[in-house]
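Have a look at the structure below, then the notes.
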Amino acid sequence: MNCKNLGKLLGKIMVLEGLLMLAPLLVSFIYRESVRGKIAFLLPILALVGIGLSLQTLKPERSFLYQREGFALVALAWIVMTLFGAVPFVINGDIPNYIDACFEIMSGFTTTGASVITDITLISRAGLFWKSFSHWIGGMGILVFILIFIPESDEGSSMHLLRAESAGPQVGKIVSKMKVTTRILYLIYLGLTVLEVIILLFDSPIPGYENDKLFFSLLASFGCAGTGGFGFLPGSIELFPAFSQYVMAVFMLLFGCNFALYYLILIGNVKAVLKSEELRAYLLIILLAVLLVFLGLIGSVGDFAQVYTGEEAFRHSFFQVASILTTTGYTTTDYQLWPPLSATVLLLLMFVGGMAGSTAGGIKVSRVMIAVKGLYINVRKTINPRYVPKAKFEGKTLSESTIRGVFMHMTFYFLLMLLVTLILSFDPVGGTAMTVVSDGGTYEVTHGIFTNLTAACSCLSNIGPAFEAVGPYASFAAYSGFSKLVLLFTMLIGRLEILPVFVLFNAKTWKNS
């Protein structure tokens, strides 16, 4: 294990995080917050930059990374960023408990959006900005940005980092040079974010927050871009005008697409985009999900009868499908009060997620497609042992190793979800009645097995809100400190897709070879 090289690269990441903290520090000056609020960001900035620069004095024997080192670095980097990123919340008093603060900022960096904050109106403007900005930082991946500074090598150092931090079953360059690839990715990411901010500024301001139009447009765009979804107003996105809700829903879906497709559009290869199997499946899922949710809402009767107009029913259906499928987690209404059909569709979407190569979490559309094709092949081979598999995905023949890798990932996913659910069942909060106040009124839910199951699914798929006591108008605050640590690492495993975290905590990783 090349520890000196890992330390040097980790130092660069720490310096970068310190520089990124200058943004919320500037916000604290703009809103004239207390001296304590400014010190809350200034101290970790100085610590990060100081430690990061001192690590640059290390002189490693080799500059490249092996695969296990790249995977370990990615997981370690996210943990270090969380440990320092939580400090401002503790110092300024936004989240006094350090474990809660770590949970909150890990939820931000992993673009989960699960929160322990029960009253968002008590959080400082700088704290709100740092929370939402962490979504934008983690959306594309900070290690992807660091690739710009890592020299290209025949040993594949850059590719190991990209493979460890990127989502999906297959990872590759979109151009020959890795540095050029990362620049293209970030330019597309930045361009879409800026475009969303500009469009949101054309809408009318939020009633009661007329002077914060730019501020909230930025926060909303950070959440959509990173497919994060931290609420920064009571009721999440409920107070935004209808036009802004439609805009955010569209951009959530755009950020849930594979970014390689945008590059193909930029170079004029639209035909290749239209041929994408995953894109067609992604659009079909959206269409069917919106239709089913909408039909469930307008056809609801009895206890589940909704008071939405036709336009409101469609808007909420479209928005919540976009939000849950892309694992963003923004909400415009309390979907827990929806009829079983509509709520079940959202629950199923929590597992699917967005496209590979996007900022969305979940299993990914591509894996679901490959799994279906793999099941079909196995059934055919069982019926006819002489059958020769010819299944293709995105124009390429699926190899047995690719199919096996997808099945292995999905197996780990569901086993881990069940394990986390089991661990959460030991929490003493289980069985207690929780009062939820939402746009649909006040009602009680029990913190039971479905709460734990959907909480585990939500954190593993990096969604945020789930059901019952951790629904869209509730929080994860009731869980014990130990349960929050479990969910914290569940979010990290979900964001990095299991393997890098396992590599980091494997004793063999740190043995010299």
Quick one: does Leu346's side chain get under 4.5 Å of Gln320's, heavy atoms only?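 Yes. Closest side-chain heavy atoms under 4.5 Å.
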Please answer whether the main-chain N or O of [Y] pairs with a side-chain N or O of [X] as donor and acceptor at a distance below 3.5 Å.
X	Y	answer
Ser132	Gly223	no
Ser358	Gly354	no
Arg367	Gly362	no

Between Tyr473 and Gln336, does any side-chain donor sit less than 3.5 Å from a side-chain acceptor?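 Looking only at side-chain atoms, Gln336 and Tyr473 do not form any donor-acceptor pair under 3.5 Å.
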Just by distance, with hydrogens left out, do Thr432 and His447 show a side-chain donor and acceptor under 3.5 Å apart?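 Checked: Thr432/His447 side chains show no N/O donor-acceptor pair below 3.5 Å.
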For residues 34-49, run the donor-acceptor check on the side chains, cut-off 3.5 Å, and write out each pair with its distance to 0.1 Å, sequence neighbours left out.
{"from": "Ser34", "atom 1": "OG", "to": "Gly37", "atom 2": "N", "distance (Å)": "3.2"}
{"from": "Arg36", "atom 1": "NE", "to": "Ile91", "atom 2": "O", "distance (Å)": "2.5"}
{"from": "Arg36", "atom 1": "NH2", "to": "Ile91", "atom 2": "O", "distance (Å)": "3.0"}
{"from": "Lys38", "atom 1": "NZ", "to": "Glu33", "atom 2": "O", "distance (Å)": "2.4"}

Can you name the residues that form a ring pair (Phe, Tyr, Trp, His ring centres under 6.0 Å) with Phe133, not counting sequence neighbours?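 Ring pair (Phe, Tyr, Trp, His ring centres under 6.0 Å) check on Phe133 returns Phe129, Phe222.
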From [X] [atom1] over to [Y] [atom2], what is the distance, rounded to the nearest 0.5 angstrom?
X	Y	atom1	atom2	answer
Phe230	Thr112	CZ	OG1	8.0 Å
Ile13	Leu55	CD1	CG	10.5 Å
Glu238	Phe319	CD	CZ	11.0 Å

Qualifying residue for side chain to side chain contact (heavy atoms under 4.5 Å, CB included) with Leu233, from Asp212, Leu219, Ile206, Ile120: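 Passing option: Ile206.
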